[in-house]
Engineer: 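I have a structure I would like to understand better, so I am pasting it below and will then ask my questions one at a time.
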Amino acid sequence: MSERIVVIEDSTSIARALRAALSARGYDVIVATTGQDGIDATATNDPAAVILDLGLPDIDGVEVCRRIRAWSDVPILVLTADDSEHRKVEALDDGADDYVTKPFSTPELLARLRVALRRRRGNDPLPAEPVHTVGDLVVDVAHHRVDVAGERVELTPKEFGFLALLARHPGRVLTHRVILQEVWGSEYGSETQYLRVYASQLRKKLGEDPARPRLVTEPGVGYRLVDPNEPE
């Protein structure tokens, strides 16, 4: 059975292009042109993912994301304007899984969608044995151990917490605020300089190849952890 995708987009031309691109790749596509129709379509059709424009005529896209997330864990991929960095952060903090900026390339959007769908098929589980594997990186939470290609990597507690959080959600963008509050504590949220320092340290310790990064910076937004050998 084809995976169903709900597209919430008020631009006729963009909606038409998305329907054509997704249908050509075997997805069953439902298009909604308002936020309320999109919420209703998501509630009644049990989609595998939602593609959500943030600029809707009736309900702000972030609010649509918030309402869907209140009762569903469906992956939500938001579409947003190039200069709306704060909107990306707002949407991600309110439950979106990823974003693509307008104007966007169809291959990039499809790649991000595939990542979100793979994560959903795995149900983003917290394993009984809390070991997270992303390519040749293995993060053993219970034993506070990290291995890369079978070699032990020694990390400080904060480095480990940062990496373990990203490893639990591979391929997903985590915002600066989410990382700071999860790893440093609820009183943190704007100290992004901490993250730049720790990300740099992690890259060195993990022996990262700049041509194939595993710890990816999303400028002004946050970080994601990916398998550098796996094409999106």
Side-chain angles (χ1 to χ4, degrees), residues 1-11 14-56 59-81 84 87-126 134 166 168-175 178 216 218 221-222 224-227 230-232:
M1 183 180 295
S2 299
E3 290 179 298
R4 183 168 294 151
I5 309 297
V6 168
V7 174
I8 309 174
E9 170 61 68
D10 67 322
S11 166
I14 294 176
R16 186 185 302 118
L18 287 172
R19 182 192 289 277
L22 293 166
S23 298
R25 287 156 180 84
Y27 296 110
D28 178 18
V29 184
I30 297 172
V31 173
T33 57
T34 68
Q36 188 58 59
D37 285 349
I39 293 169
D40 293 343
T42 303
T44 58
N45 289 281
D46 189 27
V50 172
I51 297 175
L52 169 65
D53 177 26
L54 293 187
L56 296 169
I59 305 174
D60 181 74
V62 172
E63 178 61 21
V64 172
C65 180
R66 190 179 298 123
R67 293 187 191 182
I68 292 174
R69 191 54 77 230
W71 45 264
S72 174
D73 63 355
V74 62
I76 301 174
L77 179 64
V78 301
L79 305 178
T80 183
S84 57
R87 295 279 280 161
K88 299 172 189 173
V89 173
E90 187 181 16
L92 290 165
D93 280 343
D94 280 314
D97 291 80
D98 205 347
Y99 67 88
V100 174
T101 55
K102 292 182 177 182
F104 59 87
S105 75
T106 299
E108 179 189 6
L109 184 144
L110 292 170
R112 297 291 177 89
L113 177 62
R114 287 194 297 271
V115 169
L117 291 173
R118 283 202 300 270
R119 191 162 56 244
R120 191 199 198 209
R121 292 180 198 119
N123 202 28
D124 213 6
L126 179 62
V134 185
L166 293 172
R168 184 177 176 183
H169 305 281
R172 180 174 179 176
V173 181
L174 298 185
T175 65
V178 166
V216 178
E218 298 290 345
V221 179
R224 73 168 88 223
L225 187 70
V226 300
D227 178 355
E230 180 180 348
E232 292 188 345

Engineer: Closest approach of Thr175 and Val89, non-hydrogen atoms and distance?
Structural biologist: CG2-O, 4.0 Å

Engineer: Show the numbers, then the answer: is there a side-chain contact (heavy atoms from CB on, under 4.5 Å) between Ile39 and Ile68?
Structural biologist: CA-CA 6 Å; Ile39 293 169; Ile68 292 174; 4.3 Å; yes

Engineer: Rounded to the nearest 0.5 Å, what separation is found between the OG1 atom of Thr42 and the CZ atom of Arg67?
Structural biologist: 12.5 Å

Engineer: Measuring from atom CD of Gln36 to atom CD1 of Ile59, what distance do you get when rounded to the nearest 0.5 angstrom?
Structural biologist: 4.5 Å

Engineer: Nearest 0.5 Å, please: how far is CD in Glu108 from OG1 in Thr101?
Structural biologist: 6.0 Å

Engineer: Rounded to the nearest 0.5 Å, how far does CD1 of Ile76 lie from CD1 of Ile51?
Structural biologist: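 Between atom CD1 of Ile51 and atom CD1 of Ile76 there are 11.5 Å.
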
Engineer: Looking at Ala48 and Glu3, what are the two nearest heavy atoms and their distance?
Structural biologist: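 Smallest heavy-atom distance, with atoms named: CB-CB, 4.0 Å.
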
Engineer: Any heavy-atom pair between the side chains of Val62 and Leu54 that's under 4.5 Å?
Structural biologist: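 In contact.
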
Engineer: Any idea which heavy atoms bring Tyr27 and Ser2 closest together, and the distance?
Structural biologist: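 So the minimum-distance heavy-atom pair works out to C-CB, 4.5 Å.
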
Engineer: Hey, what do you get for CG (Leu79) to CD1 (Ile14), rounding to the nearest 0.5 Å?
Structural biologist: 7.5 Å

Engineer: Do side-chain atoms of Arg112 reach the backbone of Asp98 as a donor and acceptor pair under 3.5 angstrom?
Structural biologist: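 Checking the backbone N and O of Asp98 against the side chain of Arg112, no donor-acceptor pair under 3.5 Å is found.
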
Engineer: Do the side chains of Asp60 and Arg87 get nearer than 4.5 Å, heavy atoms only?
Structural biologist: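 Answer yes - side chains close enough.
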
Engineer: Under 3.5 Å, is there a donor-acceptor pair between the side chain of Asp97 and the main chain of Leu77?
Structural biologist: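 Checking the backbone N and O of Leu77 against the side chain of Asp97, no donor-acceptor pair under 3.5 Å is found.
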
Engineer: Can you run down the salt bridge (charged side-chain N to carboxylate O under 4.0 Å, His left out) pairs that involve residues 30-42, sequence neighbours left out, and say none if there aren't any?
Structural biologist: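 Counting only pairs at least two positions apart or across chains, no salt bridge (charged side-chain N to carboxylate O under 4.0 Å, His left out) contact touches residues 30-42.
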
Engineer: Starting at CD1 of Ile30, measure out to CG of Asn45 and round the result to the nearest 0.5 Å.
Structural biologist: 3.5 Å

Engineer: Quick one: does Val178's side chain get under 4.5 Å of Leu92's, heavy atoms only?
Structural biologist: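 No, side chains not in contact.
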
Engineer: Which heavy-atom pair separates Val78 from Ala96 by the least distance, and what is that distance?
Structural biologist: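 Heavy atoms of Val78 and Ala96 come nearest at CG1-CB, 3.7 Å.
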
Engineer: Would you say Arg69's side chain and Val74's backbone share a donor-acceptor pair under 3.5 angstrom?
Structural biologist: yes

Engineer: So, do Cys65 and Leu52 sit near enough that their side-chain heavy atoms are less than 4.5 Å apart?
Structural biologist: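 The answer is yes; the side chains approach within 4.5 Å.
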
Engineer: Counting only pairs under 3.5 Å, give me each side-chain donor-acceptor contact of residues 16-26, with atom names and distances, residues two or more places apart or in other chains.
Structural biologist:
residue, atom, partner, partner atom, Å
Arg19, NH1, Val29, O, 3.4
Ser23, OG, Arg19, O, 2.7
Arg25, NH1, Ala21, O, 2.9

Engineer: Are Asp53 and Lys102 close enough that some pair of their side-chain heavy atoms sits under 4.5 Å apart?
Structural biologist: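 The answer is yes, as the side chains (C-beta and beyond) meet within the 4.5 Å cut-off.
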
Engineer: Identify the heavy atoms of Gly35 and Val64 that sit nearest to each other, and give their distance.
Structural biologist: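 That would be CA-CG2, 3.7 Å.
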
Engineer: So, for Ala49 and Leu117, which heavy atoms are closest and what is the spacing to 0.1 Å?
Structural biologist: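 It is CB-CD2, 3.9 Å.
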
